[in-house]
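Beneath this line is the structure, given in structure tokens, with notes to follow.
All figures in this text were calculated on a predicted structure; none of them were measured in a lab. All ligand and atom numbering here is 1-based and tracks the order in the structure.
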Amino acid sequence: MNRSKPMTAVVLVLTLTLVAMSCSGGGSEVDSIAKERGLSQEDIENAVSTYTPSGEHDPYIMISSGGHGGQLFVIGVPSMRLLRSVGVFTPEPWQGWGYGGEASAAVLDAGNVEGKEVRWGDTHHPALSETKGEYDGQMVFINDKANARMAVVDLRDFETKQIVKNPLAINDHGGAFVTPDTEWVLEGGTYATPLPWSSYAPISEYQSQYRGMITFWKFDREARRIIPEQSFAMELPPYWQDLCDAGKLESEGWVFCNSFNTEMATGGIEQGNPPFEAGVSENDMDYLHAINLKKAAEVAQTQAQDVNGFKVLPLSASIQEGLLYFMPEPKSPHGADVTPKGDFIVVAGKLDPHVTIYSFEKIQAAIEKGTDEKDQFGVPVLDFDATKEAQVELGLGPLHTQFDNEGHAYTSLFLDSAVARWSLGGDYHDEGWELENSVPVQYNIGHISTPEGDTVSPDGQYVVALNKWSIDRFFPTGPLLPQNFQLIDNGVSEGQEEDMRVMYDMPIGNGEPHSVQIIKADKLDPFEIYPEVGWDPGTMAVNPNAAKAGEERIERNGNNVEIWSTAIRSHFNPEHVQVQQGDNVTWHITNLEQSQDATHGFSLPGYNIQLSLEPGEAETIRFVADKPGIFTWYCSEFCSALHLEMMGYFMVQPPA
Ligand code: CUK
Ligand code: CUA
């Protein structure tokens, strides 16, 4: 779909006509503003293409990783307005995420690593849930590269509902990616360790004891949760598996992952060994992994072994059953991206100026034919030339590829700081595999995204470049600078191919997003307020024990004090809560509001408690009133003219 493009052009022509008309009438205001601000004709064009008047909503919503800020961001496209952040692995006080509420505490605690509280994450790849290979707007999954965890976010309220810790791995990178109907959420590992990582083995035994892995988390659509008991992993050689993608349409049921460090370098610069950066880049070829997931899921039923309480298919079983094949791929590749029809896999080699395109059909033919070549672990290696469809030279440092609706691919070029547009061969584009155009970006681009650009039916018009360095683009906020998201016009409209152009820079001043996905806004159907008063976002149902209007009360039972409170503009009820030092306090608070945006906060200073109670929401906090004194709680969200008055006294009396 590329409907708004001609619209934009019409708006532009109209504006320019108006500019011209008013010019002739003695100088236009637009013209003089542009002149005063030193704006070029192209600047005006870009402004008109992205400006979104107050009250107008963006046609696309971009779900962005938050990098090592451990959050997600929700951003409108093309306005590039930040709409909100979503607390995921990291506590976030505005949302009351991880500051006393039981629901968020349970989610965050489930992400503890062998009993250790880990309260940050390095989010890399958000994956929107899909139905038949199309984003369906229900869920988004995101991985934590640092601690090998997967989070599940519900797009009805944009809140995190589940975090699962991978019991095998301490880090991941090949996730989150989903299969076309979201039966599986992929989490590939990266740096090899013993499996599980918590079982120690000396690094001198790397080749015999260390292993890679890919985990397939089973997603239950009804429950909207990952089911760890129905999930499984595959043991892989200790190459560093990097990015993955799920096959679709033609290749549905298969999964493709890059790897690097097939050298199995183990570093140790201090002992005179080559540093990792050199050691892992010695070979000319690494291995693209092709995994028959459909069959692996069946084989796992009978042949998986228990490793740290998790089902793992041993490498020998995967080889025996024909679940895993390798193909050589140029030097230290990065992205592996499946084309919209599922017929090709595009692999970008960080240290090779080409993208290499593999044909799924040729891979299948090569598997059929069989091969005598094996890697040192016995995994069959298919012939490079037999599986390769094409190579296209794009420029230096190709990383990630996305697609549009007119048979083009867009690849980020890290070293060149550019985006390349190229045509896909096969039956996508008459030109065949060919570089068409590239545009400089500022600077050092990582991921790239196009609207619905990794689904079976990508849209067009826009490309978003996720640049790692912003250097001179913005006011320098000390030595730590924001990342730079750049919105690009892809230059393609109904068969017309023009140059791409950068239209807008958006600084990201919180974390380092790696990847984004862009969904049509009308596919999302979020709650305006929670469906019923007393709603628990943790269970997405009414909490039967939630405080109700007219039933506010405080009950004491020995040294257990239970409070049922409500909040409505502009008061809490009750306003006095008196306890004895050492009492166990259980406090239920319900926001009774039924109007949109009427959120109340509940902040209890000194006890590290801060809740965000959205309309209808009910929360429960539990703590020991171990500190005596007078604590003034208040509503931390400016909700009404008498918001400052919305407070109460929590009085903790010390023993006489
Ligand atoms: S990675 Cu960061 S630029 Cu984690 Cu997908 Cu490629
Ligand atoms: Cu309620 Cu401020």
Side-chain angles (χ1 to χ4, degrees), residues 64-68 94 96 121-127 142-146 148 171-177 186-191 240-245 257-258 260 332-337 346-351 397-402 411-415 417 419 441 443-449 454 464-469 483-485 508 511-517 565-573 575 589-593 595 597-603 610-615 617 632-648:
S64 171
S65 101
H68 39 304
W94 165 58
D122 186 7
T123 58
H124 274 234
H125 307 105
I142 185 122
N143 71 315
D144 166 20
K145 177 180 190 284
N171 57 77
D172 68 34
H173 197 226
F177 300 97
L186 278 47
E187 185 194 18
T190 340
Y191 315 120
W240 293 351
Q241 284 76 31
D242 192 21
L243 286 157
C244 303
D245 202 0
C257 298
N258 279 324
F260 59 118
S332 299
H334 195 44
D337 298 284
V346 178
V347 165
K350 295 184 293 235
L351 302 178
L399 296 184
H400 299 285
T401 299
Q402 292 262 293
T411 299
S412 53
L413 303 172
F414 177 81
L415 296 175
S417 283
V419 171
V441 291
Y443 302 90
N444 295 3
I445 182 173
H447 270 268
I448 190 171
S449 188
D454 55 10
V464 174
L466 280 61
N467 304 311
K468 304 287 179 191
W469 288 26
Q483 325 295 313
N484 187 14
F485 280 13
I508 295 281
E512 187 207 350
H514 282 257
S515 181
V516 302
Q517 286 188 328
S565 288
T566 57
I568 193 157
R569 278 163 291 177
S570 299
H571 60 268
F572 292 100
N573 185 11
E575 292 184 331
I589 309 163
T590 302
N591 179 354
L592 301 175
E593 302 283 356
S595 35
D597 209 4
T599 295
H600 295 294
F602 176 87
S603 78
Q610 155 60 19
L611 306 178
S612 169
L613 298 153
E614 288 109 52
E617 181 171 349
T632 50
W633 90 75
Y634 68 100
C635 170
S636 44
E637 183 94 13
F638 205 124
C639 53
S640 68
L642 298 177
H643 149 79
L644 272 184
E645 288 79 350
M646 191 166 175
M647 65 85 66

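The distance from ligand 1 to the heavy atoms of His125 drops below 4.0 Å at these ligand atoms: 1 (S), 4 (Cu), 5 (Cu). Close approach of ligand 1 to His173 is summarised as follows: ligand atoms under 4.0 Å from at least one heavy atom of the residue are 1 (S), 4 (Cu), 5 (Cu).
Using modelled atom types and a 3.5 Å distance limit, the side chains of His400 and Asp337 yield no donor-acceptor pair. In summary, the side chains of Thr590 and Thr566 do not present any donor paired with an acceptor at a separation below 3.5 Å, with no hydrogens or angles considered. Judged by distance alone, the side chains of Ser570 and Ser640 do bring a donor and an acceptor atom under 3.5 Å apart. Side-chain contact, Ser515 with Gln517: no donor N or O sits under 3.5 Å from an acceptor N or O.
Counting only distances under 2.8 Å, and ignoring water, the protein N, O or S atoms around atom 1 (Cu) of ligand 2 are His600 ND1, Cys635 SG, Cys639 SG, Met646 SD. Counting only distances under 2.8 Å, and ignoring water, the protein N, O or S atoms around atom 6 (Cu) of ligand 1 are His334 NE2, His400 NE2.
A heavy-atom distance below 4.5 Å is found between the side chains of Trp94 and Glu637.
Distance check, rounded to the nearest 0.5 Å: OH of Tyr191 to CG of Asp172 gives 10.5 Å.
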Just do the side chain to side chain contact (heavy atoms under 4.5 Å, CB included) check on His600 and Arg569 with the steps written out, would you?
CA-CA 8 Å; His600 295 294; Arg569 278 163 291 177; 3.7 Å; yes
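For His447 and His125, the distance between ring centers is under 6.0 angstrom.
For the pairing with His514, the ring-ring contact (aromatic ring centres under 6.0 Å, His included) check across His173, His334, His124 returns one residue only, His124.
A donor-acceptor pair is defined here as one N or O able to donate and one able to accept, closer than 3.5 Å; such a pair exists between the side chain of Asn143 and the backbone of Gly175.
Summarising the local packing, CH2 of Trp469 is surrounded by 12 or fewer heavy atoms from other residues, nucleotides or ligands at distances under 6.0 Å.
At a 4.0 Å cut-off, at least one heavy atom of Lys468 sits close enough to ligand 1 to count as contact.
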